[in-house]
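First listed ligand is number 1; within each ligand, the first listed atom is number 1.
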Amino acid sequence: MAEQQQQPKHKRTISRYLQQSHERIFENNRKWVESKTRSDPEFFAKLSAGQSPEYLYIGCADSRVPANEIMGLDAGEVFVHRNIANMVPNTDLNVMSVINYAVRHLHVKHIVVCGHYTCGGVKAAMTPADLGILNPWLRGIRDVYRLHEAELDAIPDEKAKYDRLIELNVVESCRNIIKTAAVQQSYQDNQYPIVHGWVFDLKDGLLKDLKIDFEAMLEGIKKIYNLASSPDRRASTTD
Ligand SMILES: [Zn+2]
């Protein structure tokens, strides 16, 4: 206490604010537990019994896009992975492990990639600047631009071009999911999961379905990325 009093006033104010903003979460948590228990006394007993979500959601880490909330889903209903600009890099062990677990163990029926307009990650990738450790991550978005260069260059309006790159980045993330053995094999055996591409619009809160033709996309990648037809594939648990 004596030490705190010796601090300048502005430091004491910050320190008090930080303590309160941390404590607020625990207060919120207690209220949430009360409200859940009131509407369903078995809620936490069911949660602790295990999970069988129907959906895997891969979205941007942006704080304005809360996965469960925008889908109206409760705890236990969606398996969630988030990173900057909802990327699915082929060698990212994190997202690949999430997809593998969700498909092979949770048997999710739908995999959703959800981007959002005004995505800072996509904006940064369109900016010609050295962003340090973010460079290799954002390079994946620059690669999306390169793949769709003709279409994007033909859009004169910068805002429209930015929006379209956000959509195409979602499409390419979907394509990378479809390239995995887990998805190809599960779809061949079970007819699921289906991969969907969505974009969330912060202006009105609505989700836009990009209506990706999953079957056509799967057919399209098979020539080069087919991992579902080897005779001994059932022994395989790779990606
Ligand atoms: Zn974003």
Ignoring waters, protein N/O/S atoms under 2.8 Å from the Zn ion (ligand 1) are C60 SG, H116 NE2, C119 SG

*Are any of the side-chain nitrogens in K203 or D201 under 4.0 Å away from the carboxylate oxygens of its partner?*
yes

>> Check this for me: does any side-chain nitrogen of one of R30 and E27 sit under 4.0 Å from a carboxylate oxygen of the other?
In response: yes

- Query: Given the rule in the side-chain hydrogen bond (donor to acceptor under 3.5 Å, both in side chains) test, do Q184 and Q188 qualify, once you have shown the distances and angles that lead to the verdict?
  - Reply: CA-CA 6 Å; Q184 289 180 23; Q188 194 172 76; over 6 Å; no

Residues 73-100 vs salt bridge (charged side-chain N to carboxylate O under 4.0 Å, His left out), sequence neighbours excluded, gives K36-D74

Any chance the rings of Y187 and F214 have centres within less than 6.0 Å? yes

* Would you call R164 and E167 a salt bridge, using N to O less than 4.0 angstrom? -> yes

